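Please read all numbers here as calculations on a predicted model, not as lab measurements. The first residue in the sequence is number 1, and the count goes up from there.
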Amino acid sequence: LYNQLNVSYTHLENYLRLFTPLSKRSKAVKTDVLGKEIFRYVNDLFGDRCTKDSVEINQTARFSQGIVHIDRAVILPVFINLVDNAIFWVKMNTPKIGRQIQFDMDEDGALLVCDNGPGFPDIDKTIIFERGYTTKPGGRGLGLFVSKQILNECGFDIKATESLYERGAGFKIFKKENVEE
């Protein structure tokens with residue numbers, strides 16, 4: 001419980017820090033975060049909602065055993081945002097049986113989050129990370145924008161990709177090249 005509260009508080013602090021000048025920001029504390037920790041955290045948070053909405057979240061063995069060197073208070077909220085969005089779109093656009101979200105890791109160590117929802121509209125996939133862009137009813141267009149900003153601040157990036165499923169949305173979180181620790 002303490003760890004969850006600490007991560008949530010730090011995420012809020014990081015979110016608020018986006019509104020301060022770059023020169024005043026403190027350095028993030030990077031640690032090794034296991035894929036299975038991310039998976040467990042997301043399942044603890046969304047388990048009841050997934051059961052209610054018949055959504056299944058899975059992880060590959062590669063993800064479960066994978067490690068990413070990043071601040072927990074950065075990566076966990078990014079996954080929360082991606083899964084929250086995925087649950088919404090999968091629930092709205094996929095038959096009740098077969099609603100899927102999957103976590104994977106590619107051969108370069110990039111983290112993948114994919115679903116079998118409707119996928120992206122026929123647009124430039126970079127626009128979804130712009131502040132205020134949303135297709136979600138009642139959405140504010142801040143989740144992906146803030147996720148990208150916080151990841152960039154830590155030497156990581158996120159981009160929209162093809163889903164691992166026949167249809168759906170995919171996101172790839174990866175370490176930027178030539179970034180000092």
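Note: the hydrophobic cluster containing V146 also contains V78 (ILVMFWY, side chain heavy atoms under 4.5 Å, direct or indirect links). Under a hydrophobic clustering in which Ile, Leu, Val, Met, Phe, Trp and Tyr are joined whenever their side-chain heavy atoms come within less than 4.5 Å, directly or via other members, V42 and L112 fall into different clusters. In this structure, Y133 is a member of the same hydrophobic cluster as L82, with clusters built from ILVMFWY side-chain heavy atoms closer than 4.5 Å. Hydrophobic clustering of Ile, Leu, Val, Met, Phe, Trp and Tyr side chains at less than 4.5 Å, counting indirect connections, unites V90 with L45. Cluster membership check: F39 shares its hydrophobic cluster with I75, using side-chain heavy-atom separations under 4.5 Å among Ile, Leu, Val, Met, Phe, Trp and Tyr.
Although no hydrogens or angles enter the test, the distance criterion places a donor-acceptor pair under 3.5 Å between the side chain of D106 and the main chain of A110. A donor-acceptor distance shorter than 3.5 angstrom exists from the side chain of K148 to the backbone of I158, with no hydrogens or angles considered. Remark: the backbone N or O of A169 is paired with a side-chain donor or acceptor of D115 at under 3.5 angstrom. Judged purely by atom type and a 3.5 angstrom limit, N93 uses its side chain to pair as donor or acceptor with the backbone of W89. The closest donor-acceptor contact from the side chain of N152 to the backbone of F156 lies under 3.5 Å. Without hydrogens or angle criteria, Q65 side chain to R62 main chain gives no donor-acceptor distance under 3.5 Å. Looking only at distances, a side-chain donor or acceptor of S147 sits under 3.5 Å from a matching main-chain atom of G143. R99 places a side-chain N or O within donor-acceptor distance of the main-chain N or O of D53, the cut-off being under 3.5 Å.
The shortest heavy-atom contact between C154 and K30 is O-NZ, 2.9 Å. Scanning both residues, A160 and F171, for their nearest heavy atoms gives CA-CD2, 4.2 Å. Taking all atoms of both residues into account, the shortest heavy-atom contact from V33 to I70 is CG2-O, 3.6 Å. Here the closest non-hydrogen pair linking E37 and D32 is OE2-O, 4.2 Å. Closest approach of I57 and C50 over heavy atoms only: CD1-SG, 3.6 Å.
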F145/E130 under side-chain contact (heavy atoms from CB on, under 4.5 Å): CA gap, chis, key distance, verdict: CA-CA 6 Å; F145 170 77; E130 290 183 11; 5.9 Å; no

Verdict with supporting geometry, D104 and K172, salt bridge (charged side-chain N to carboxylate O under 4.0 Å, His left out): CA-CA 9 Å; D104 197 1; K172 181 176 185 174; over 6 Å; no

Check against side-chain contact (heavy atoms from CB on, under 4.5 Å), N81 and L144: CA-CA 7 Å; N81 180 60; L144 290 175; 3.6 Å; yes

Steps toward salt bridge (charged side-chain N to carboxylate O under 4.0 Å, His left out) verdict (K175, D108): CA-CA 9 Å; K175 187 167 180 61; D108 296 324; over 6 Å; no

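Considering only heavy atoms from C-beta on, R72 stays 4.5 Å or farther from Y41 through its side chain. When side chains are defined from C-beta on, D84 counts as touching K136, because their heavy atoms get closer than 4.5 Å. Looking only at side-chain heavy atoms (C-beta outward), D48 and F46 stay at 4.5 Å or farther from each other.
Geometrically, K36 does not engage F63 in a cation-pi contact, judged by NZ or CZ lying under 6.0 Å from the ring centre and within 45° of the ring axis. Figure legend: K125 and F120 shown without cation-pi pairing, the cationic atom not lying both under 6.0 angstrom from the six-membered ring centre and within 45 degrees of its axis.
Ion pairing between a basic and an acidic side chain is recognised when a charged N comes within 4.0 Å of a carboxylate O; D157 and K176 show no such pairing.
Side-chain contact of T134 with R140: a donor-acceptor pair under 3.5 Å is absent, judged by distance alone. Looking at E166 and N116, their side chains never bring a donor and an acceptor atom within 3.5 Å of each other.
Ring planes of F79 and F103: perpendicular class, angle over 60° (limits at 30 and 60°).
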